[in-house]
Amino acid sequence: MSSENSVRVRFAPSPTGYLHVGGARTALYNWLYAKKKGGKFILRVEDTDQERSTIEALNMQVGDLKWLGLLWDEGFDVGGPHTPYKQSERLSIYKQKANELIDAGKAYPCFCTEQDLEKKKEIAQKEGRPPHYDGTCRNLDVQQSLKRMAGGDKAAIRFKVDSSKSYTFHDLIRNEVTFPPNMVGDFIVLRSDGMPVYNFCCVVDDGMMKITHVLRAEEHLSNTLRQMMIYESFNWPLPLFGHLSIILGEDRQKLSKRHGATSCHEFMKQGYLPEALLNFISLLGWSSPTAQEIFSIDELIKQFDLDRMTPSPAVFDQKKFNWVNATHLRALPNEELWSRLVPYLDEHKVGYKKDVAWQSQALEAFKSSMETLMDGVQLFRYIDDNHFEVSAEGLETLKWKEAEPVLRAWIDVVRNHPHDFITEAEFADLQNKVKDQSGQKGKFLFMPMRVSVIGKPHGTELKLLIPLIHKKVLIERAEKCLKI
RNA sequence: GUUCCCAUCGUCUAGUGGCCUAGGACACUACCCUUUCACGGUAGAUACAGGGGUUCAAAUCCCCUUGGGAACGCCA
């Protein structure tokens, strides 16, 4: 494939906070498409809003993308043929392009103040007209205006819109979209402080960076009109656009902070796997022709295509996400799962043994009840020698008249055990001894025993739990329970 | 207000005029496995927003209504 016609896509976040799942999905689809087509994935930073953009936020976004493994071929930090990739470093380019527009009579300086515009808009609203710019400065003599600007007068640069024209483009997801005439008024291209505006830099950058496909969120659909006008004014070919549906919360409102966790960073902290998050959000607006739902990243690249995208909005279903995560988690080999879990255990100060066999055995015991790595943290806390806590339910169980004989028998049996640890096979034997000595069976046998091991009557099978805990600790815990 | 976008089980979706008495997945219910909790297995319930057309035939095409969303910024 020649580089001339190969796919070039970009993700262009504005650094104002952590990466949201919506942004992550946009990045994912772009990235998948680039991988699939052997194209380039470009990370461009849209930081022209100086009020809200911060370097910290940029670092967070970059960190989240790296966590997800959505790495870029060209970008603000790795360079590329169209450097710089940070809009705040491209200001002279936008200025130059805006001047080209002015020279060509396609844009003009506007001296109206914000207050002027506010008033005009109000009047327009009242009179039932669309709140477009009324064109006060449109017919000013350009040379005159430029002189005023040189003299220090502040002016924004406005694009001259041909309000008689309608615009149609073919959306990759929505097919034909038509904007009728007179949808927008003359819009700002450069602010009076010289900073360019989103719609302008977006086109200048996409054009100059030779972007071939623009996959972005649906809220940009109506921006496409203005952007088409700008492409036209530069005589640049239009990229292919695809507008992704938005992601909603359970209440069918656009997903936002009040729906709980919505940023990749939060999901990471809650113990979700990056490949599971990617897998799950890939399904929000796309489906595989094979109806497969669990994918590795490579499978996703292989199966992904733009012709299976849905235009309707999707609700973020936390339960299904949990299932996807659990499925990925349980499919991980134990060593791999352990290496993912350890940072969480450390962060939450849960102790563990350095012994690989022990780790693997514990994981084997807990895997089936783990949906997230944080579930793992909770589970490992139960077998941490330094944590023992009896739950309310555990307390109830200990009040049973059957509890005491079981615990006494248990302590006795464990004490007489010749080794520091009890194997699964040995436990089968010990369990019978406790049964005989205490005269209890069924739940009256197992529940008090389990409370003495993990502090609660329900949970992991005892035969899997016991081999993980040192005999001394088992006795200690049972004795503690007797005293309650 | 105007314009644009959207509309299949609770949720994600399959479906591109006959294969649809609408398929899959999550969730849900029941049963099985089981000392418990999970895991796993089996079975089940649940949807084409409404109304008009077009057609021999419509979830699929067209129109209207309704509902949801977005845009109309010197935010992105």
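This one's a predicted model, so the numbers in the text were calculated from it and none came from an experiment. Numbered from 1 within each chain, the chains take letters A, B, ... in sequence-line order.
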Determine the contact category for A:T16: base if any of its heavy atoms lies under 4.0 Å from a base atom, sugar-phosphate if only primed atoms, P, OP1 or OP2 are that close, otherwise nothing. nothing
Round to a whole Å and report the spacing from CZ of A:F11 to C1' of B:A76. 12 Å
Do the rings of A:F241 and A:Y231 sit parallel, tilted or perpendicular, given the 30° and 60° boundaries? perpendicular
Whole angstrom value for the distance that separates C1' of B:C37 from NZ of A:K456: 7 Å
Drop me the distance from A:E118's CD to A:E114's CD, to the nearest 0.5 angstrom. 7.5 Å
Sequence-aligned protein contact record of nucleotides 64-74 of chain B, with B where the base is within under 4.0 Å of a protein heavy atom and S where only the sugar-phosphate is: -----SSSSSB
Passing option when A:Y167 is tested against A:R226, A:Q227, A:E232 for side chain to side chain donor-acceptor pair (under 3.5 Å): A:E232
Euclidean distance for P, B:A22 against B:A38 (whole angstrom): 33 Å
Is any NZ, NE, NH1 or NH2 atom of the basic residue among A:R148 and A:D153 found under 4.0 Å from an Asp or Glu carboxylate oxygen of the other? yes
Searching all strands shown, indicate the nucleotide that pairs with B:U55 (Watson-Crick or G-U wobble; both distances under 3.5 Å). none
Distance test, side-chain N/O of A:R308 to OP1/OP2 of B:U16, below 4.0 Å: no
How are the rings of A:F321 and A:F280 set to each other: parallel, tilted or perpendicular (split at 30° and 60°)? parallel
Does A:D116 have any salt bridge (Lys or Arg N to Asp or Glu O under 4.0 Å) partners at least two apart in sequence or in another chain, and if so, which? none
Taking NZ, NE, NH1 and NH2 as the nitrogens, is one of them in A:K97 or A:E100 under 4.0 Å from a carboxylate oxygen of the other? yes
Determine the interatomic distance between C1' on B:G53 and the same-named atom on B:G73; round to the nearest Å. 43 Å
Both distances under 3.5 Å, Watson-Crick or G-U wobble: report the partner of B:G40, or none. B:C32
Straight-line distance of A:L379 CG to A:K367 NZ, nearest 0.5 Å: 13.0 Å
Worked check of side-chain hydrogen bond (donor to acceptor under 3.5 Å, both in side chains) between A:H213 and A:Y29: CA-CA 11 Å; A:H213 297 68; A:Y29 286 152; over 6 Å; no
Under-4.0 Å side-chain N/O to phosphate OP1/OP2 contact, A:T460 with B:C37: no
Collect all protein-nucleotide pairs involving nucleotides 41-51 of chain B in which both atoms are nitrogen or oxygen and the distance is under 3.5 Å.
none

B:G51 to B:G40 separation - C1' atoms, rounded to the nearest Å: 48 Å
Just wondering, are more than 12 heavy atoms of other shown residues or ligands nearer than 6.0 Å to CD in A:E389? no
Polar-atom pairs under 3.5 Å, protein N or O versus N or O of nucleotides 26-28 of chain B: list them with distances, or write none.
unit_1	atom_1	unit_2	atom_2	d
B:C26	O2'	A:K320	N	3.2

What interatomic distance, in whole Å, is found between P of B:C20 and the corresponding atom of B:U2? 44 Å
Between A:T48 and B:A76, is there a contact of a side-chain N or O with OP1 or OP2 at under 4.0 Å? yes
Across all strands, who's sitting opposite B:G10 as a Watson-Crick or G-U wobble pair, both distances under 3.5 Å? B:C26
Looking for any heavy atom pair under 4.0 Å, which part of the strands does A:S245 touch: base, sugar-phosphate only, or nothing? nothing
Of all the nucleotides listed (B:C4, B:C39, B:A76), which has the minimum atom distance to the side chain of A:S14? B:A76
What is the base-pairing partner of B:U46, counting Watson-Crick and G-U wobble geometry with both distances under 3.5 Å? none
Partner of B:G17 by Watson-Crick or G-U wobble geometry, both contacts under 3.5 Å, or none? none
Interatomic distance at C1', B:U55 relative to B:G41, whole Å: 47 Å
Side-chain donor-acceptor pairs of residues 305-314 of chain A under 3.5 Å, sequence neighbours excluded:
unit_1	atom_1	unit_2	atom_2	d
A:R308	NE	A:S287	O	2.8
A:R308	NH2	A:S287	OG	3.3
A:T310	OG1	A:G285	O	3.4

Distance check needed: B:U13 P versus A:F304 CZ, whole Å only. 13 Å
When the P atoms of B:C63 and B:G69 are considered, how many whole Å apart are they? 23 Å
With a 3.5 Å cut-off and sequence neighbours excluded, list the donor-acceptor pairs that the side chains of residues 437-445 of chain A form with protein atoms.
unit_1	atom_1	unit_2	atom_2	d
A:S438	OG	A:V434	O	2.7
A:S438	OG	A:Q440	N	3.2

Roughly, in whole Å, what's the span from CZ in A:R44 to C1' in B:A76? 12 Å
Taking the same atom, P, in B:A7 and in B:C61, what whole-Å distance lies between them? 10 Å
In whole angstrom, what separates A:L464's CG from B:U35's P? 13 Å
Looking for any heavy atom pair under 4.0 Å, which part of the strands does A:I294 touch: base, sugar-phosphate only, or nothing? nothing
Rounded to whole Å, how long is the line connecting atom CZ of A:R450 with atom C1' of B:C37? 7 Å
Which part of the nucleic acid, if any, lies within reach of A:A314 when heavy atoms closer than 4.0 Å are counted: base, sugar-phosphate only, or nothing? sugar-phosphate
Whichever of A:M309 and A:S312 has its nearest RNA chain B nucleotide further upstream toward 5': A:S312
Whole-angstrom distance between B:G67 and B:A49, as gauged at atom P: 16 Å
Is it true that A:R10 and A:D206 make a salt bridge, defined as a side-chain N closer than 4.0 Å to a carboxylate O? yes
Heavy-atom count check: over 12 atoms from other residues, nucleotides or ligands less than 6.0 Å from A:K120 NZ? yes
Give the rounded distance in Å between these two atoms: CG of A:N279 and P of B:C12. 17 Å
Strictly by Watson-Crick or wobble contacts shorter than 3.5 Å, is anything paired with B:C74, and which nucleotide is it? none
Whole Å only: how far is the NZ atom of A:K443 from the P atom of B:C37? 10 Å
